Amino acid sequence: MAKSTQLIDNEVFRAFATYTAIVLLKMMLMSLITAYFRITRKAFVNPEDTEAFGKGESAKKFLRTDPDVERVRRGHLNDLENIVPFVGIGLLYALSGPELSTALLHFRIFTGARIFHTFAYLIPLPQPGRGLSWAVGYSVTFSMAYKVLKTAWLL
Amino acid sequence: MAKSTQLIDNEVFRAFATYTAIVLLKMMLMSLITAYFRITRKAFVNPEDTEAFGKGESAKKFLRTDPDVERVRRGHLNDLENIVPFVGIGLLYALSGPELSTALLHFRIFTGARIFHTFAYLIPLPQPGRGLSWAVGYSVTFSMAYKVLKTAWLL
Amino acid sequence: MAKSTQLIDNEVFRAFATYTAIVLLKMMLMSLITAYFRITRKAFVNPEDTEAFGKGESAKKFLRTDPDVERVRRGHLNDLENIVPFVGIGLLYALSGPELSTALLHFRIFTGARIFHTFAYLIPLPQPGRGLSWAVGYSVTFSMAYKVLKTAWLL
């Protein structure tokens with residue numbers, strides 16, 4: 001087990017592990033928020049999910065879309081579209097030998113931007129709040145990809 | 001190539017590689033099931049996909065949604081939402097030096113829960129079968145994230 | 001930082017890093033294309049996004065779906081469904097000690113297939129162009145998964 005312990009002893013890798021766990025847990029939280037809104041708004045998509053609320057016709061009225069549920073689901077999909085590239089490119093970036101301070105700057109800004117993005121989406125805040133936080137996270141991932149390609153380039 | 005060979009020689013990492021390949025292949029299978037239902041139910045979303053079934057107006061009637069197709073697509077999206085955190089956090093977990101038996105327990109329960117979840121979604125089984133299998137997989141990823149943050153924490 | 005520098009010095013890993021960064025950047029590009037079509041077609045989904053185009057009733061008419069926007073979004077979701085398994089399985093594959101030439105063949109074909117798939121989806125090209133490019137990328141990931149399971153198998 002020596003090998004893996006060594007990688008996790010690398011400070012940049014530890015920082016990557018910490019921030020990746022945080023943003024992935026934040027993304028997972030969207031599932032719970034979706035479930036919360038589906039249950040409180042009684043808005044489901046699968047017939048078998050409504051059976052606790054009555055049988056037959058009385059249950060069918062809960063098979064509907066709700067604006068709050070759809071909003072959380074859009075936030076969740078946006079997380080997938082942005083956090084997946086962060087995790088993939090961030091892992092390669094962490095292994096490309098960046099300075100710890102530079103790496104921390106990237107990870108911290110991305111994580112802060114995505115947490116702000118979630119609040120901006122769910123409250124919702126007026127634009128361009130959500131748009132800007134999206135752009136900040138996007139730029140951080142782009143900057144890490146530039147470093148990865150500069151270090152690793154082998155086509 | 002010595003370095004990479006060494007990492008794959010680590011037993012925890014080998015177990016992670018095995019179960020990750022299995023759950024990602026299971027997720028990829030959802031694409032084939034979607035294609036199967038789209039073709040057998042003749043329910044497409046892109047006009048260019050219906051051309052094999054006739055030209056002009058006669059093809060347009062195949063541009064429609066089908067309950068079975070939509071059900072598989074929801075299962076596929078649920079896989080993305082849950083398997084992406086498992087792969088990302090699981091990789092960090094595998095590198096954080098867990099006991100092999102503990103790691104195997106995590107990987108096996110997650111993989112079993114997601115396979116059961118797919119059957120529960122597609123058959124469909126009555127609730128709370130699908131909900132419980134979702135919660136089991138979610139809890140396993142959460143438990144691995146706790147270990148990662150405890151081992152690697154560097155904010 | 002010696003450890004991480006060593007992994008990135010491995011040629012197969014460098015090739016994986018290069019192609020992974022390329023396909024993830026390509027996937028991120030879909031967000032910009034979606035934003036471009038949303039703004040030029042004036043087709044939004046969040047009420048707060050339409051406020052730049054007028055207040056009250058005059059803004060509500062921009063809350064609509066547009067076929068071009070939906071097409072890009074389907075391409076983006078298809079990327080997520082296929083590029084996530086490539087990145088996860090590809091990482092394990094790169095660490096399983098393949099020949100550089102074999103690894104490059106896998107990474108190049110997958111990357112070419114996904115770039116072609118995006119053009120085929122957005123232009124759109126007549127089928128089976130898009131379907132075949134999807135199948136080629138799918139098969140490459142499957143082939144890498146086979147190598148991973150053969151090398152790492154520990155259930």
Side-chain angles (χ1 to χ4, degrees), chain A residues 3-13 16 67 70-71 74-75 77-78 80-82 84-100 103 120-121 123-131 134-135 137-139 141-142 144-155, chain C residues 1-32 34-35 38-39 44-53 59 63 73 76-77 79-81 83-88 90-91 94-95 100 103-104 107-108 111:
Chain A
K3 180 66 46 199
S4 46
T5 311
Q6 287 171 330
L7 193 53
I8 209 80
D9 281 350
N10 177 292
E11 285 196 315
V12 171
F13 196 82
F16 170 72
E70 297 308 307
R71 181 173 282 277
R74 289 196 297 276
L77 187 58
N78 194 282
L80 267 173
E81 292 170 358
N82 289 279
V84 163
F86 170 81
V87 172
I89 291 173
L91 172 68
L92 304 170
Y93 172 77
L95 297 173
S96 73
E99 289 295 323
L100 177 62
Y121 219 145
I123 293 177
L125 297 179
Q127 286 283 26
R130 195 185 85 235
W134 171 84
Y138 195 90
S139 306
T141 306
F142 202 87
M144 295 194 305
Y146 175 77
K147 172 75 164 77
V148 168
L149 289 174
K150 213 179 58 167
T151 310
W153 188 262
L154 193 159
L155 207 59
Chain C
M1 219 148 293
K3 179 67 44 199
S4 46
T5 310
Q6 286 171 329
L7 193 53
I8 208 83
D9 281 349
N10 177 291
E11 285 196 316
V12 171
F13 196 82
R14 281 176 56 205
F16 171 71
T18 304
Y19 285 96
T20 291
I22 289 171
V23 290
L24 287 176
L25 287 171
K26 191 223 76 59
M27 187 172 91
M28 289 169 66
L29 185 62
M30 304 306 273
S31 298
L32 291 183
T34 300
R38 281 205 185 283
I39 291 167
F44 299 94
V45 66
N46 296 299
E48 67 270 24
D49 300 353
T50 64
E51 282 180 11
F53 300 98
L63 292 177
R73 295 184 65 225
H76 200 165
L77 186 58
D79 269 355
L80 268 173
E81 292 170 357
I83 290 176
V84 162
F86 170 80
V87 172
L91 172 68
L95 298 173
L100 177 62
L104 278 172
F107 301 156
R108 283 171 183 159
T111 305

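Because the structure is a prediction, the values reported are computed rather than measured. The basis for the numbers below is simple: all heavy atoms, side chains too, and nothing from hydrogens, waters or symmetry mates.
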Between atom [atom1] of [X] and atom [atom2] of [Y], what is the distance when rounded to the nearest 0.5 Å?
X      : Y      : atom1 : atom2 : answer
A/T151 : C/D9   : OG1   : CG    : 10.0 Å
C/M28  : A/Y138 : CE    : OH    : 4.5 Å
A/T141 : C/L24  : OG1   : CG    : 9.5 Å
A/L155 : C/T111 : CG    : OG1   : 8.5 Å
C/L91  : A/L91  : CG    : CG    : 6.0 Å
C/R14  : A/L92  : CZ    : CG    : 13.0 Å

Exercise for the section: Report, as yes or no, whether the 6.0 Å neighbourhood of atom CZ on C/R73 holds more than 12 heavy atoms from other residues, nucleotides or ligands. Expected result: no
If every non-hydrogen atom of [X] is compared with every non-hydrogen atom of [Y], which pair is closest and at what distance?
X      : Y      : answer
C/N46  : A/Y121 : ND2-OH, 2.9 Å
A/L125 : C/E48  : O-CG, 4.0 Å
A/V148 : C/A21  : CG1-CB, 4.4 Å
A/A152 : C/T18  : O-OG1, 3.5 Å
A/V84  : C/L80  : CG2-CD2, 4.1 Å

Pick from [options]: which one has the most heavy-atom pairs with chain A under 4.5 Å?
options                     : answer
C/M27, C/R108, C/H76, C/E51 : C/H76
C/V23, C/T20, C/V87, C/L25  : C/L25
C/I22, C/D49, C/D79         : C/D49

Problem - Residue C/V45 versus chain A: region with a heavy atom under 4.5 Å - result: both
Fill in the blank from the handout: Bottom line for C/I83: the part with an atom under 4.5 Å from chain A's heavy atoms is neither
Fill in the blank from the handout: Given A/W134, A/Y146, A/F13, the one with more heavy-atom pairs under 4.5 angstrom with chain C than any other is A/W134
Exercise for the section: Name the option with the most non-hydrogen atom pairs under 4.5 Å to chain C; the candidates are A/Q127, A/E81, A/E70. Expected result: A/E81
